[in-house]
Amino acid sequence: MTDNTVLRVDSLWVDYYTRSGPIRVVQDVSFEIRRGEILGLAGESGSGKSTVAQAVTRLIRPTVGRMGGDVWLQDENIAQLDRKALRHIKWKKVSIVAQSAMNSLNPVLRIRSQFDDILQSHGQRNRQKNFARMCELIEMVSLSAEVLDAFPHQLSGGMKQRVAIAMALLFHPDLVIMDEPTTALDVIVEREIVSEIKRLQRQFGFSVLFISHDLDLLLRMADRVAIMYGGYLMEIGSVQEFAHPLHPYSRALLQSFPAIGAVGAERRRGIPGYPPDPANPPGGCRFHPRCSHSSERCGSDLPVWEAVEGAGDQRVRCIRWREIPNESHTGSD
Amino acid sequence: MRYLMRRIIFYVVAFVATITINFFLPRAMPGNPAEALMSKFGGRLNPLALKSIEIAFGLHEHEPIWNQYLQYLGQLLHGNLGTSLAYYPASVSGLIGTALPWTLFLVGLSTIISFVIGIIIGSISAWRFGGAFDTFMSTFFTFTYAFPYFWIALACLYLIGYLWGVFPISGAYSMDLVPTLSGSFVFNVIRHAILPSLTIIFTSVGYWAVNMRNTTITTLAEDYVTMAEAKGITLRRILLRYAGRNAILPNITGFAMSMGFIVGGAILTEIVFSYPGLGNLLFQAVQQEDYPLIQGILMIISFSVLAANFVADVTYSLLDPRVRVGGNQ
């Protein structure tokens, strides 16, 4: 791996235990994130995108499920580390802004103590220094230092999310995973938070794995985008490459969003059918029952994670991508 | 503070209601204590004696009930709960004063020990959810909790106390000792308390352990605990400040309730082990129809339940900032 790569996930899989045995919710997921890059990970609910975030940070409890594959955070394989070594890496090299900042802060502790818990757990016991660092961070996310003395329930949703971002940047991590950080917020606050993230990311140069179901948002803020469906990555590529997506699912997904500034009666199209049941997934390509381009082979052959020759590092998982006529997602077909 | 003020007002109102009911309830029953005492003598006392007993007991049948109530309140303020019939001429407050410390010591300490052990085991069970420790403990505690208390108490009394003679079988201290604060007396008291205390802990610890286990399992699924793990916070801190601190909140109320019932709650223990506490006293009072004593003990019990609830409210507001409505915002 080159020095430029912050995270390399290789053949990651995750099982969750259920009453009727383990079910596979993430399968054969491989991707890289480069230094200073924002990778957007999109997918429907239940596609496994949040599970990827949890697996990358080894947050899947052994009682809940199991995982395999490699997760290289620079020169350390997170998937293989023992708990002790793992604890020292966590937050220093990779941090998370969770799906619901509302519930990601401990309701009975002041924000200040929650910062302190992280700092002291990582051996930083100088109270004055710690406090100075908290103030610095809290002002960095455009909040006043008074917030430190508040309890989480005294803050608004947007403020809590800013606090969560400030916490994530505590140790200047190489990678910040943002799991739907704006989903619980209204559109105006979402906009503010997103531009805040962009600004901080430019200032400090950390990489971001930004998970969202909002593909439109990802295409506006990310450098590269990955699309997940039924536990598999279906396509990954730069935002420019996504102007002409190769996978039928990516195209269908893009067509289900209204184009901003579109004039006239452009029709949005939903994708017929429902996402696959992870306990009983369809054979072959997970998307074939809903795909308008599916052939007989799609139901039996599992497509491989195939590099698109000539393109940067665009990859696609579809056996028919060469045969399907290329088209722009804003055009009509 | 506004939260606490509201609670204090609530408790004052509740307490006044309690003592009022405590006053009117016995008076709504037919007869009075003097007549009860008279009937004990099978009518062998003349009406003048009844009159003098009424005066001695402070019964004022001829006065309007409103005046009686005011007098009763006045007596209460002076700590005067009347005179016992069964232990005449001992005062009710005197009897309660002698019995209460023993109950507080035995049942109070047992409940606290049981709570602490239960909370610790429950937390560990939850952290090892589904593991060998958890499976064993959950089964074991369901078993002990379902056990009839009197059976366990009698079995312990018979086996450990009588057959093996490890611990004394009755009383709070040996009859030949004079209560002093000497080491040998304290040791004697502790030796007497161990057996009844063990039976209380054995049958009640399961309740706390199972409850704590369940609330902890719920708390462990909360995002802030997962996030604390992601932050690399030490396990000790996560256990205490993130999982434990939040999981214990629902148990505080239950604990305070049981602290309130300590005063009257261990009747079986005290009877089986002939322990000179309040439960035993209440049992004797009921058996001997000692109305003033029953009334006095019931009032003490209701007062302690209210006091314990108040302590729970205060503790809860200290532990959970979300209930400090209008607090330090």
Side-chain angles (χ1 to χ4, degrees), chain A residues 17 50 53-54 56-64 83-110 113-123 146 149-155 160 164 167-168 170-171 173 176-177 179, chain B residues 3 123-135 138 213-252 315-329:
Chain A
Y17 302 131
S50 285
Q54 289 181 352
V56 164
T57 44
R58 276 274 295 275
L59 282 178
I60 292 166
R61 292 210 180 101
T63 48
V64 172
R83 293 196 79 83
K84 217 174 161 186
L86 194 64
R87 189 179 77 71
H88 290 292
I89 286 184
K90 277 180 176 177
W91 221 252
K92 289 209 150 173
K93 289 195 168 178
V94 55
S95 63
I96 308 172
V97 178
Q99 196 155 12
S100 45
M102 318 292 153
N103 307 322
S104 73
L105 297 168
N106 187 343
V108 300
L109 296 182
R110 291 179 200 277
S113 326
Q114 306 200 36
F115 269 107
D116 250 333
D117 278 336
I118 311 174
L119 286 159
Q120 295 199 6
S121 291
H122 290 280
E146 289 160 33
D149 283 320
F151 286 102
H153 72 275
Q154 295 168 322
L155 306 178
K160 274 189 251 193
M167 278 185 183
L170 190 56
F171 296 129
V176 181
I177 295 174
D179 188 359
Chain B
Y3 167 74
S123 312
I124 298 173
S125 279
W127 271 89
R128 313 236 164 115
F129 176 60
F133 182 85
D134 178 42
T135 310
S138 302
R213 172 183 176 270
N214 294 345
T215 50
T216 307
I217 287 172
T218 318
T219 311
L220 286 179
E222 294 284 349
D223 287 342
Y224 53 80
V225 177
T226 316
M227 283 304 291
E229 280 181 67
K231 287 165 181 167
I233 291 175
T234 52
L235 193 63
R236 217 181 90 89
R237 259 175 212 266
I238 299 179
L239 257 171
L240 296 177
R241 284 163 69 86
Y242 288 73
R245 178 76 186 276
N246 284 288
I248 208 168
L249 289 176
N251 293 301
I252 293 288
T315 320
Y316 205 101
S317 76
L318 287 178
L319 288 178
D320 191 346
R322 285 165 294 184
V323 302
R324 280 178 234 160
V325 184
N328 37 21
Q329 273 203 10

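Within every chain, numbering begins at 1; the chains are lettered A, B, ... in the order of the sequence lines, protein sequences first and strands thereafter.
- Heavy-atom pairs under 4.5 Å with chain B were tallied for Arg83(A), Lys92(A), Arg61(A); the largest tally goes to Arg61(A).
- Across all their heavy atoms, Ser104(A) and Met227(B) have their closest contact at CB-CG, 3.6 Å.
- The side-chain heavy atoms of Ile233(B) and Trp91(A), taken from C-beta on, include no pair separated by under 4.5 Å.
- Of all non-hydrogen atoms in Asp223(B) and Asn103(A), the two that sit nearest each other are CB-O, 3.3 Å.
- With contacts defined as side-chain heavy-atom distances shorter than 4.5 Å, the pair Glu222(B)/Pro107(A) does not qualify.
- Ile96(A) and Ala230(B) make their closest contact through CD1-CB, 3.6 Å (heavy atoms, listed as atom of the first residue, atom of the second, distance).
- In this structure, chain A has heavy atoms under 4.5 Å from both the backbone and the side chain of Arg241(B).
- Across all their heavy atoms, Lys90(A) and Glu229(B) have their closest contact at CD-O, 3.2 Å.
- The heavy-atom pair separating Arg237(B) from Ser121(A) by the smallest distance is CD-OG, 3.4 Å.
- Residues passing the side chain to side chain donor-acceptor pair (under 3.5 Å) test with Asp134(B) are Ser138(B), Arg213(B), sequence neighbours excluded.
- Only the side chain of Thr63(A) comes within less than 4.5 Å of a heavy atom of chain B; its backbone N, CA, C and O stay farther away.
- Contacts between Arg58(A) and chain B at a heavy-atom distance below 4.5 Å are absent for every atom of the residue.
- For the residue pair Asn106(A) and Tyr224(B), the shortest heavy atom distance occurs at N-CB, 3.7 Å.
- For Leu249(B), the part lying near chain A is the side chain, with the backbone staying farther off; criterion is any non-hydrogen pair under 4.5 Å.
- Looking at Gln54(A), neither its backbone nor its side chain comes within 4.5 Å of chain B, counting heavy atoms on both sides.
- The closest side-chain heavy-atom distance from Lys231(B) to Phe115(A) is not below 4.5 Å.
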